[in-house]
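First the structure, in the form of structure tokens, and then the observations on it.
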Amino acid sequence: MKLGIPKLLEGFDAGKVAGIGCGGQMHGLVVLDDQDEVIRPAILWNDGRTQAQTEYLNNEIGKEVLSERTANIAFAGFTAPKLLWMKENEPELFARITKIMLPKDYINYRLTGIHCTDCSDAGGMLLLDVEHKCWSAPMLDICGISEEQMPRLYESWECVGTLTQEAADATGLSTNVRVCAGAGDNAAAAVGCGVVGEGGCNISLGTSGTIFITDKNFSVDPHNALHSFPHADGGYHLMGCILSAASCNKWWIEDILKTDDYSGEQARIAEEKLGHNDVFYLPYLMGERSPHNDPSARGAFLGLRMDTSREDLTLAVMEGVAFAFRDCLEIARAQGIEVNVSRICGGGAKSPVWRKILSNVLGITLELPQTEQGPGYGAAMLASVACGEYPDVCSCAKALTSVRETTVPEPALMEAYESGYQVWKKLYPALKGIL
């Protein structure tokens, strides 16, 4: 806080800053003691240590019970399994917990002195009654915690407070600056891309990957392969999440090929190779969430031959991630949800060839927003609503978002990728239990 915000303010008039919004990592566990000191390092969204606790929740408590109480089943990354892990493995530290927070909420606490969270982020804890947007007493009881240990719930655009004198002195801002509750990164990204209201879709091709489908009304995937969370606009959304997306490309380019020339590596891929690659890649470098819910899943290259090239493998990584997105979209389609157009954001979305692959694998038009900083931009938009610049999130999104570039699927390439997907989707079931 003492370094980041002053750095951002360089060249700007700090007196013109009216509000702050946070878009933060979801599911992470931050625990405070009775002095509001952090008890242990945060356990983050991609931490897979909670497999035993996840299985306990899904198998002993039961998926139907969890879905009824929280609209979701347990996944290894969620917060409730982390609490159970801490209770079982660090009982002395668990006993000291006075407040349970998510990563961005701790930042808001440091800014305002208020223990708060927003509904979109809280939805991913497996502790929230998502439909009614309140803490689930039975789930808190299962985890051995009380409602007094939970932060107060707000809608994302609501003002939770203003800067404390200490925070103002550290940042160079006024104590009149408003801080809104903010949102989980995917909900903030959707706002920043203009995906609000009913029937919108946003694809985030970042470290992890998500398909985010909005709805004004609450709904649940009957198979619980998609998450059901509140949206930052006051409505709801269904979300499919793959744990390794652009991070697969980073691993391949930087760790394996030992270069940082992303565009150069992709430029070597021949146009005619798209849709006709005979190498397949499973992007499960950190296990997988949607639709398999398998923290033990592992990545793999399949179909290698003596003439397999560097470019074939680079292309296979990008295609494998696209096929994993297709898995998530197929779940939504099976429920009668029609997606024909989606906004796209995240570092991977900067790649024209990756957008082309995704558009044709999914069979939908992709729209690249004018502003690429999805979560950060969305958090700033939520702060503008908190400051009264716009009456609601939808009005703000309409005013502040637009499309810069569009990628349309091509019938012949769609057909080629359809054949590839039908092969690819058989690979995980065939290898499950072997890798």
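Just so it is clear, the structure is predicted and the values come from calculations on it, not from any experiment. Residue indices begin at 1 and follow the sequence shown.
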Rounded to the nearest 0.5 Å, how far does [atom2] of [Y] lie from [atom1] of [X]?
| X | Y | atom1 | atom2 | value |
| --- | --- | --- | --- | --- |
| Ile114 | Thr164 | CD1 | OG1 | 10.0 Å |
| Phe325 | Ser342 | CZ | OG | 9.5 Å |
| Met26 | Leu102 | CE | CG | 8.0 Å |
| Asn293 | Asn58 | CG | CG | 6.0 Å |
| Trp354 | Ile344 | CH2 | CD1 | 9.0 Å |

> Between the side chains of Thr162 and Asn176, does any donor sit under 3.5 Å from an acceptor?
Replying inline: no

> Asp118 and Ser120: side-chain donor and acceptor closer than 3.5 Å?
Replying inline: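 Yes, Ser120 and Asp118 have a side-chain donor paired with an acceptor closer than 3.5 Å.
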
[X] atom [atom1], over 12 foreign heavy atoms within 6.0 Å:
| X | atom1 | answer |
| --- | --- | --- |
| Lys426 | NZ | no |
| Arg69 | CZ | yes |
| Asp260 | CG | no |
| Gln422 | CD | yes |

Name the atoms and distances for all side-chain donor-acceptor pairs under 3.5 Å in residues 196-210, with sequence neighbours left out.
unit_1: Thr210; atom_1: OG1; unit_2: Asn186; atom_2: OD1; d: 2.7

With a 4.5 Å limit on heavy-atom distance, are the side chains of [X] and [Y] in contact?
| X | Y | value |
| --- | --- | --- |
| His115 | Met150 | no |
| Asp312 | Ile269 | no |
| Ile253 | Thr259 | yes |
| Asn72 | Leu66 | no |
| Gln335 | Ile331 | yes |
| Cys159 | Cys180 | no |
| Val279 | Leu302 | no |
| Ile357 | Leu274 | yes |

Keeping to residues at least two apart or across chains, list the salt bridge (charged side-chain N to carboxylate O under 4.0 Å, His left out) pairs with something in [range].
| range | value |
| --- | --- |
| residues 127-137 | Lys133-Glu155 |
| residues 285-299 | Asp294-Lys432 |
| residues 386-407 | Arg355-Glu405, Glu372-Arg404 |
| residues 322-338 | Arg326-Glu330, Arg326-Glu418, Glu330-Arg333 |

Taking only distance into account, with no hydrogens and no angle test, what donor-acceptor pairs under 3.5 Å do side-chain atoms of residues 10-23 form with protein atoms, sequence neighbours excluded?
unit_1: Asp13; atom_1: OD1; unit_2: Gly15; atom_2: N; d: 2.9

Is the side chain of [X] donor-acceptor paired with the backbone N or O of [Y] at a distance under 3.5 Å, no angle test?
| X | Y | value |
| --- | --- | --- |
| Asn108 | Ala181 | yes |
| Thr314 | Arg310 | yes |
| Arg343 | Cys193 | yes |
| Asp105 | Met101 | no |
| Thr79 | Leu29 | no |
| Ser228 | Ser219 | yes |

> Is there a salt bridge (Lys or Arg N to Asp or Glu O under 4.0 Å) between Lys356 and Glu271 once you walk through the steps?
Replying inline: CA-CA 11 Å; Lys356 183 172 183 175; Glu271 180 78 14; 2.2 Å; yes

What do you reckon, are the aromatic ring centroids of [X] and [Y] less than 6.0 Å apart?
| X | Y | answer |
| --- | --- | --- |
| His132 | Phe218 | no |
| Trp252 | Phe301 | yes |
| Phe75 | His227 | yes |
| Tyr281 | Phe323 | no |

> What are the two closest non-hydrogen atoms of Ser290 and Cys328, and how far apart are they?
Replying inline: CB-SG, 3.7 Å

>> If you compare all heavy atoms of Lys425 against all heavy atoms of Pro429, which two are closest, and at what distance to 0.1 Å?
In response: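 Closest approach of Lys425 to Pro429: O-CD, 3.3 Å.
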
>> According to side-chain hydrogen bond (donor to acceptor under 3.5 Å, both in side chains), does anything in residues 236-250 pair up with another residue at least two apart or in another chain? List the pairs.
In response: Lys250-Glu254

How would you list, by chain and number, every residue that makes a side chain to side chain donor-acceptor pair (under 3.5 Å) with [X], sequence neighbours excluded?
| X | result |
| --- | --- |
| Thr214 | none |
| Trp135 | none |
| Ser384 | none |

Quick one: side chains of residues 408-417, donor-acceptor pairs under 3.5 Å with protein atoms, not counting sequence neighbours, listed by atom name and distance.
unit_1: Tyr417; atom_1: OH; unit_2: Gly275; atom_2: N; d: 3.2
unit_1: Tyr417; atom_1: OH; unit_2: Glu319; atom_2: OE2; d: 2.6

Expected list for residues 121-128: side-chain donor-acceptor pairs under 3.5 angstrom, two or more places apart:
unit_1: Asp121; atom_1: OD2; unit_2: Lys104; atom_2: NZ; d: 3.0

